[in-house]
Amino acid sequence: LAASLAHCTKLLAVAAMSFGGYKVLAVPQLIGAIYDSATDATEPSPVNLLGVCCSGILNIFVGLPFFYGCVYAATRAIRGALNPADVLIGFRNYGQMLLAALFMLAVYTGAAMVAYIPLVVAVFVSVFTSISGSAAPGGMQSVAFLVGVLLTIGLLVPLMALFVMRVLFLPLAAVDPALGSMGVARAISYSWSATKGCGWRMFALLLGFSMLAATSLLLLCVGYLLIGLRMLMALMAVMYETIYRRGTAQPPAPAAVAS
(Lines give C-alpha, C1' and ligand atoms only; values in the text may rest on other atoms or scores of the structure.)
Protein backbone atom coordinates (compact mmCIF):
# COMPACT_ATOMS: atom_id res chain seq x y z
CA LEU A 1 0.00 0.00 0.00
CA ALA A 2 2.80 2.39 0.90
CA ALA A 3 4.55 1.69 -2.39
CA SER A 4 1.32 2.27 -4.34
CA LEU A 5 0.73 5.56 -2.57
CA ALA A 6 4.31 6.61 -3.27
CA HIS A 7 3.90 5.84 -6.98
CA CYS A 8 0.59 7.74 -7.10
CA THR A 9 2.19 10.72 -5.39
CA LYS A 10 5.08 10.74 -7.84
CA LEU A 11 2.74 10.50 -10.83
CA LEU A 12 0.73 13.37 -9.38
CA ALA A 13 3.93 15.39 -9.12
CA VAL A 14 4.71 14.69 -12.80
CA ALA A 15 1.15 15.62 -13.79
CA ALA A 16 1.42 18.86 -11.79
CA MET A 17 4.72 19.75 -13.50
CA SER A 18 3.19 19.03 -16.91
CA PHE A 19 0.05 21.04 -16.14
CA GLY A 20 2.03 23.97 -14.77
CA GLY A 21 4.56 23.94 -17.59
CA TYR A 22 1.93 24.20 -20.31
CA LYS A 23 0.15 26.97 -18.41
CA VAL A 24 3.41 28.93 -18.47
CA LEU A 25 3.74 28.39 -22.23
CA ALA A 26 0.23 29.79 -22.68
CA VAL A 27 1.08 33.08 -20.91
CA PRO A 28 1.70 35.09 -24.15
CA GLN A 29 -1.69 34.01 -25.52
CA LEU A 30 -3.33 34.87 -22.20
CA ILE A 31 -1.74 38.32 -22.21
CA GLY A 32 -3.12 38.96 -25.69
CA ALA A 33 -6.60 37.86 -24.63
CA ILE A 34 -6.47 40.10 -21.55
CA TYR A 35 -5.36 43.03 -23.73
CA ASP A 36 -8.31 42.54 -26.09
CA SER A 37 -10.69 42.29 -23.16
CA ALA A 38 -9.30 45.45 -21.56
CA THR A 39 -9.54 47.43 -24.81
CA ASP A 40 -13.01 46.07 -25.71
CA ALA A 41 -11.65 44.92 -29.07
CA THR A 42 -14.30 43.58 -31.45
CA GLU A 43 -11.74 41.49 -33.36
CA PRO A 44 -8.35 40.02 -32.49
CA SER A 45 -5.76 42.76 -32.09
CA PRO A 46 -2.12 42.51 -33.26
CA VAL A 47 -1.15 42.00 -29.61
CA ASN A 48 -3.51 39.02 -29.38
CA LEU A 49 -2.27 37.52 -32.66
CA LEU A 50 1.34 37.99 -31.55
CA GLY A 51 0.54 36.22 -28.27
CA VAL A 52 -1.05 33.31 -30.12
CA CYS A 53 1.98 33.02 -32.43
CA CYS A 54 4.42 33.18 -29.52
CA SER A 55 2.54 30.49 -27.60
CA GLY A 56 2.42 28.30 -30.71
CA ILE A 57 6.16 28.61 -31.25
CA LEU A 58 6.86 27.94 -27.59
CA ASN A 59 4.64 24.84 -27.65
CA ILE A 60 6.68 23.40 -30.52
CA PHE A 61 10.22 24.31 -29.52
CA VAL A 62 9.76 24.09 -25.74
CA GLY A 63 6.50 22.23 -25.22
CA LEU A 64 7.40 19.10 -27.19
CA PRO A 65 10.73 18.47 -25.39
CA PHE A 66 9.01 19.27 -22.11
CA PHE A 67 6.14 16.87 -22.85
CA TYR A 68 8.45 13.96 -23.60
CA GLY A 69 10.48 14.87 -20.54
CA CYS A 70 7.30 14.48 -18.48
CA VAL A 71 6.64 11.08 -20.08
CA TYR A 72 10.19 10.03 -19.21
CA ALA A 73 9.72 11.29 -15.65
CA ALA A 74 6.50 9.27 -15.43
CA THR A 75 8.32 6.11 -16.50
CA ARG A 76 10.83 6.78 -13.73
CA ALA A 77 7.98 7.44 -11.28
CA ILE A 78 6.30 4.08 -11.90
CA ARG A 79 9.67 2.47 -11.20
CA GLY A 80 9.96 4.48 -8.00
CA ALA A 81 13.04 6.38 -9.15
CA LEU A 82 11.64 9.84 -9.96
CA ASN A 83 14.00 12.79 -10.00
CA PRO A 84 12.38 16.20 -10.72
CA ALA A 85 15.22 16.93 -13.14
CA ASP A 86 14.00 14.03 -15.32
CA VAL A 87 11.48 16.37 -16.99
CA LEU A 88 14.43 18.25 -18.50
CA ILE A 89 15.86 15.24 -20.34
CA GLY A 90 14.65 16.66 -23.64
CA PHE A 91 16.77 19.78 -23.14
CA ARG A 92 19.98 17.91 -22.30
CA ASN A 93 20.16 16.65 -25.89
CA TYR A 94 17.96 19.34 -27.36
CA GLY A 95 19.05 19.03 -30.98
CA GLN A 96 18.25 15.33 -31.29
CA MET A 97 15.02 15.71 -29.29
CA LEU A 98 13.81 18.60 -31.45
CA LEU A 99 14.65 16.86 -34.74
CA ALA A 100 12.85 13.70 -33.61
CA ALA A 101 9.86 15.70 -32.34
CA LEU A 102 9.62 17.63 -35.61
CA PHE A 103 9.76 14.34 -37.54
CA MET A 104 6.94 12.94 -35.40
CA LEU A 105 4.97 16.17 -35.87
CA ALA A 106 5.49 16.00 -39.64
CA VAL A 107 4.12 12.44 -39.72
CA TYR A 108 1.10 13.53 -37.68
CA THR A 109 0.51 16.61 -39.87
CA GLY A 110 0.83 14.60 -43.07
CA ALA A 111 -1.64 11.98 -41.83
CA ALA A 112 -4.11 14.69 -40.78
CA MET A 113 -3.82 16.52 -44.12
CA VAL A 114 -4.52 13.34 -46.08
CA ALA A 115 -7.44 12.41 -43.82
CA TYR A 116 -9.08 15.84 -44.09
CA ILE A 117 -9.12 15.88 -47.90
CA PRO A 118 -12.71 14.45 -48.15
CA LEU A 119 -13.99 16.99 -45.62
CA VAL A 120 -12.30 19.90 -47.41
CA VAL A 121 -13.77 18.74 -50.72
CA ALA A 122 -17.24 18.46 -49.19
CA VAL A 123 -17.04 21.96 -47.71
CA PHE A 124 -15.71 23.38 -50.99
CA VAL A 125 -18.56 21.79 -52.95
CA SER A 126 -21.16 23.10 -50.49
CA VAL A 127 -19.73 26.64 -50.55
CA PHE A 128 -19.36 26.63 -54.33
CA THR A 129 -22.94 25.48 -54.92
CA SER A 130 -24.23 28.08 -52.46
CA ILE A 131 -22.31 30.94 -54.10
CA SER A 132 -23.25 29.88 -57.61
CA GLY A 133 -26.91 29.61 -56.63
CA SER A 134 -27.13 25.99 -57.75
CA ALA A 135 -27.65 24.47 -54.33
CA ALA A 136 -28.57 20.82 -54.57
CA PRO A 137 -32.18 20.06 -53.64
CA GLY A 138 -33.32 17.80 -50.83
CA GLY A 139 -30.53 18.63 -48.41
CA MET A 140 -27.84 17.06 -50.59
CA GLN A 141 -25.35 19.59 -49.26
CA SER A 142 -25.85 18.23 -45.75
CA VAL A 143 -25.50 14.69 -47.04
CA ALA A 144 -22.27 15.58 -48.85
CA PHE A 145 -20.90 17.20 -45.69
CA LEU A 146 -21.83 14.14 -43.61
CA VAL A 147 -20.17 11.83 -46.14
CA GLY A 148 -17.06 14.04 -46.01
CA VAL A 149 -16.97 13.80 -42.21
CA LEU A 150 -17.39 10.02 -42.25
CA LEU A 151 -14.70 9.56 -44.89
CA THR A 152 -12.34 11.80 -42.93
CA ILE A 153 -12.87 9.76 -39.77
CA GLY A 154 -12.49 6.56 -41.78
CA LEU A 155 -9.12 7.76 -43.06
CA LEU A 156 -7.89 9.45 -39.89
CA VAL A 157 -8.25 6.43 -37.60
CA PRO A 158 -6.14 3.96 -39.64
CA LEU A 159 -3.56 6.62 -40.49
CA MET A 160 -3.14 7.43 -36.80
CA ALA A 161 -2.95 3.77 -35.84
CA LEU A 162 -0.64 2.64 -38.65
CA PHE A 163 1.73 5.61 -38.85
CA VAL A 164 1.47 8.16 -36.03
CA MET A 165 1.44 5.58 -33.23
CA ARG A 166 4.54 3.97 -34.72
CA VAL A 167 6.59 7.14 -34.13
CA LEU A 168 4.79 8.46 -31.06
CA PHE A 169 7.72 7.74 -28.73
CA LEU A 170 10.41 8.45 -31.30
CA PRO A 171 11.57 11.73 -29.65
CA LEU A 172 12.00 10.08 -26.26
CA ALA A 173 13.71 7.01 -27.70
CA ALA A 174 16.22 9.30 -29.43
CA VAL A 175 17.50 10.75 -26.14
CA ASP A 176 16.69 8.06 -23.56
CA PRO A 177 19.92 7.19 -21.70
CA ALA A 178 18.62 3.65 -21.18
CA LEU A 179 18.71 3.23 -24.96
CA GLY A 180 22.13 4.81 -25.29
CA SER A 181 20.80 8.17 -26.54
CA MET A 182 20.71 6.59 -29.99
CA GLY A 183 19.85 9.71 -32.01
CA VAL A 184 17.14 10.32 -34.57
CA ALA A 185 18.17 7.97 -37.38
CA ARG A 186 18.47 4.87 -35.17
CA ALA A 187 15.44 5.89 -33.12
CA ILE A 188 13.23 5.87 -36.22
CA SER A 189 14.19 2.26 -36.92
CA TYR A 190 13.84 1.34 -33.25
CA SER A 191 10.40 2.91 -32.86
CA TRP A 192 9.13 1.31 -36.06
CA SER A 193 10.28 -2.17 -35.06
CA ALA A 194 9.37 -1.90 -31.37
CA THR A 195 5.78 -0.87 -32.14
CA LYS A 196 5.21 -3.48 -34.82
CA GLY A 197 1.70 -4.88 -34.38
CA CYS A 198 0.91 -2.41 -31.57
CA GLY A 199 -0.46 0.57 -33.50
CA TRP A 200 -4.14 -0.27 -33.24
CA ARG A 201 -3.93 -1.16 -29.55
CA MET A 202 -1.96 1.98 -28.77
CA PHE A 203 -4.49 4.13 -30.60
CA ALA A 204 -7.45 2.43 -28.89
CA LEU A 205 -5.88 2.87 -25.45
CA LEU A 206 -5.02 6.52 -26.03
CA LEU A 207 -8.46 7.27 -27.44
CA GLY A 208 -10.25 5.52 -24.57
CA PHE A 209 -8.12 7.07 -21.85
CA SER A 210 -8.36 10.51 -23.48
CA MET A 211 -12.15 10.27 -23.37
CA LEU A 212 -12.00 9.28 -19.71
CA ALA A 213 -9.61 12.14 -19.01
CA ALA A 214 -11.97 14.54 -20.78
CA THR A 215 -14.77 13.56 -18.41
CA SER A 216 -12.55 14.62 -15.50
CA LEU A 217 -12.84 18.18 -16.80
CA LEU A 218 -16.33 18.13 -15.29
CA LEU A 219 -14.49 18.38 -11.96
CA LEU A 220 -12.68 21.48 -13.26
CA CYS A 221 -8.88 21.80 -13.18
CA VAL A 222 -8.54 19.95 -9.87
CA GLY A 223 -10.27 16.87 -11.23
CA TYR A 224 -8.26 16.94 -14.42
CA LEU A 225 -5.00 17.29 -12.50
CA LEU A 226 -5.78 14.63 -9.88
CA ILE A 227 -7.42 12.12 -12.21
CA GLY A 228 -7.35 12.82 -15.94
CA LEU A 229 -3.82 14.10 -16.52
CA ARG A 230 -2.27 11.68 -14.06
CA MET A 231 -4.10 8.80 -15.77
CA LEU A 232 -2.82 9.87 -19.19
CA MET A 233 0.72 10.23 -17.89
CA ALA A 234 0.56 6.77 -16.34
CA LEU A 235 -0.73 5.31 -19.60
CA MET A 236 2.00 6.95 -21.67
CA ALA A 237 4.63 5.80 -19.18
CA VAL A 238 3.41 2.20 -19.21
CA MET A 239 3.20 2.17 -23.00
CA TYR A 240 6.73 3.51 -23.36
CA GLU A 241 8.09 1.19 -20.66
CA THR A 242 6.48 -1.79 -22.38
CA ILE A 243 7.93 -0.81 -25.75
CA TYR A 244 11.32 -0.21 -24.17
CA ARG A 245 11.39 -3.64 -22.50
CA ARG A 246 10.19 -5.40 -25.62
CA GLY A 247 12.65 -3.55 -27.83
CA THR A 248 15.74 -3.90 -25.66
CA ALA A 249 15.33 -7.06 -23.64
CA GLN A 250 18.31 -9.31 -24.28
CA PRO A 251 19.29 -12.56 -22.57
CA PRO A 252 22.01 -12.02 -20.01
CA ALA A 253 25.50 -12.72 -21.16
CA PRO A 254 26.89 -15.99 -19.79
CA ALA A 255 29.16 -15.55 -16.81
CA ALA A 256 32.83 -16.11 -17.41
CA VAL A 257 34.05 -19.42 -16.09
CA ALA A 258 37.17 -19.22 -14.04
CA SER A 259 39.86 -21.53 -15.27
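Values reported hereafter were calculated over all heavy atoms of this structure, with side chains retained and with hydrogens, waters and symmetry mates removed. All values derive from a computational prediction rather than experimental measurement.
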Query raised in the report: Counting only N and O atoms by type, is there a donor-acceptor contact under 3.5 Å from the side chain of S55 to the main-chain atoms of V52?
Result: no

Report task. Please test M231 against L235 for side-chain contact (heavy atoms from CB on, under 4.5 Å), starting from the C-alpha separation and ending with a verdict. Result -> CA-CA 6 Å; M231 183 169 56; L235 172 65; 5.9 Å; no

Query raised in the report: Taking the hydrophobic residues Ile, Leu, Val, Met, Phe, Trp and Tyr, and joining any pair whose side-chain heavy atoms are under 4.5 Å apart, which ones share a cluster with L30?
Result: I34

Query raised in the report: For I188 and L170, which heavy atoms make the closest approach, and how far apart are they?
Result: N-CD1, 3.4 Å

Query raised in the report: Sequence neighbours excluded, which residues qualify as side chain to side chain contact (heavy atoms under 4.5 Å, CB included) partners of L151?
Result: P118, V147

Query - Where M17 and F66 come nearest, the two heavy atoms and their spacing - result: O-CZ, 3.1 Å

Report task. Could you give me the CA-CA distance, side-chain angles and deciding distance for Y35 and T39, then say whether side-chain contact (heavy atoms from CB on, under 4.5 Å) is met? Result -> CA-CA 6 Å; Y35 176 85; T39 57; 3.9 Å; yes

Requested in this report: Measure from the side-chain N and O atoms of D86 to the backbone N and O of N83, and report whether any donor-acceptor pair falls under 3.5 Å.
Outcome: yes

Requested in this report: Compare every heavy atom of T195 with every heavy atom of M165, then report the nearest pair and how far apart it is.
Outcome: O-CG2, 4.2 Å

Query raised in the report: When clusters are formed by joining ILVMFWY residues with side-chain heavy atoms under 4.5 Å apart, either directly or through shared neighbours, do F124 and Y116 land in the same one?
Result: no

Query raised in the report: Who are the side chain to side chain contact (heavy atoms under 4.5 Å, CB included) partners of I117, not counting sequence neighbours?
Result: V121

**Report entry** Where at least one partner belongs to residues 162-185, residue pairs that pass ring pair (Phe, Tyr, Trp, His ring centres under 6.0 Å), sequence neighbours excluded
**Finding:** F169-Y240

Report summary line: salt bridge (Lys or Arg N to Asp or Glu O under 4.0 Å) filter on R166, not counting sequence neighbours, yields none

Query raised in the report: Given the rule that I, L, V, M, F, W and Y join up when any side-chain heavy atoms are under 4.5 Å apart, are L102 and I57 in one cluster?
Result: yes

Query raised in the report: What heavy-atom pair brings G148 and A122 nearest, and what distance separates the two atoms?
Result: CA-CB, 4.1 Å

Requested in this report: With rounding to the nearest 0.5 Å, note down the distance linking CG in L162 to CZ in F203.
Outcome: 10.5 Å

Report task. Give the minimum heavy-atom separation between P28 and C54, together with the two atoms involved. Result -> CB-CB, 3.8 Å

Requested in this report: Would you sort out whether L179 and R186 count as a side-chain contact (heavy atoms from CB on, under 4.5 Å), showing the intermediate values?
Outcome: CA-CA 10 Å; L179 301 178; R186 288 181 57 203; over 6 Å; no

Query raised in the report: If only atom types and distance count, is the side chain of S37 paired as donor or acceptor with the main-chain N or O of A33 below 3.5 Å?
Result: no

Query raised in the report: Which atoms form the tightest heavy-atom contact between A111 and V164, and what is the distance?
Result: CB-CG2, 4.0 Å

Query raised in the report: Distance from L232 atom CG to L205 atom CG, nearest 0.5 Å?
Result: 11.5 Å

With a cut-off of 3.5 Å and sequence neighbours excluded, list every side-chain donor-acceptor pair involving residues 91-100.
{"residue": "R92", "atom": "NH2", "partner": "A85", "partner atom": "O", "Å": "2.6"}
{"residue": "Y94", "atom": "OH", "partner": "F61", "partner atom": "O", "Å": "2.6"}
{"residue": "Q96", "atom": "OE1", "partner": "V184", "partner atom": "N", "Å": "3.0"}

Query - Same apolar cluster (I L V M F W Y, side chains within < 4.5 Å links), V27/Y22 - result: no

Requested in this report: Give a yes or no answer on whether the side chain of T75 reaches the backbone of Y72 with a donor-acceptor pair at less than 3.5 Å.
Outcome: yes

Report task. Take M202 and I243, measure what side-chain contact (heavy atoms from CB on, under 4.5 Å) needs, and give me the verdict at the end. Result -> CA-CA 11 Å; M202 291 171 64; I243 292 172; 4.1 Å; yes

**Report entry** S191 OG to K196 NZ distance, which is reported to the nearest 0.5 Å
**Finding:** 15.0 Å

Report summary line: d(Q29 CD, N48 CG) to nearest 0.5 Å is 7.5 Å

Query - Inter-residue atom distance M239.CE - R201.CZ, 0.5 Å rounding - result: 10.5 Å

Query raised in the report: So how far is it from N59 CG to L25 CG, rounded to the nearest 0.5 Å?
Result: 5.0 Å

Requested in this report: Look at the side-chain heavy atoms of Ile, Leu, Val, Met, Phe, Trp and Tyr, link any pair under 4.5 Å apart, and say whether L156 and L146 land in one connected group.
Outcome: no

**Report entry** Any side-chain heavy-atom pair of F145 and L150 under 4.5 Å
**Finding:** no

Query raised in the report: Any side-chain heavy-atom pair from F103 and P171 closer than 4.5 angstrom?
Result: no

**Report entry** Beyond-backbone contact of F209 with M236, side-chain heavy atoms, under 4.5 angstrom
**Finding:** no

Query raised in the report: Hey, any chance M104 and W192 share a hydrophobic cluster, counting ILVMFWY side chains that come within less than 4.5 Å of each other, even indirectly?
Result: yes

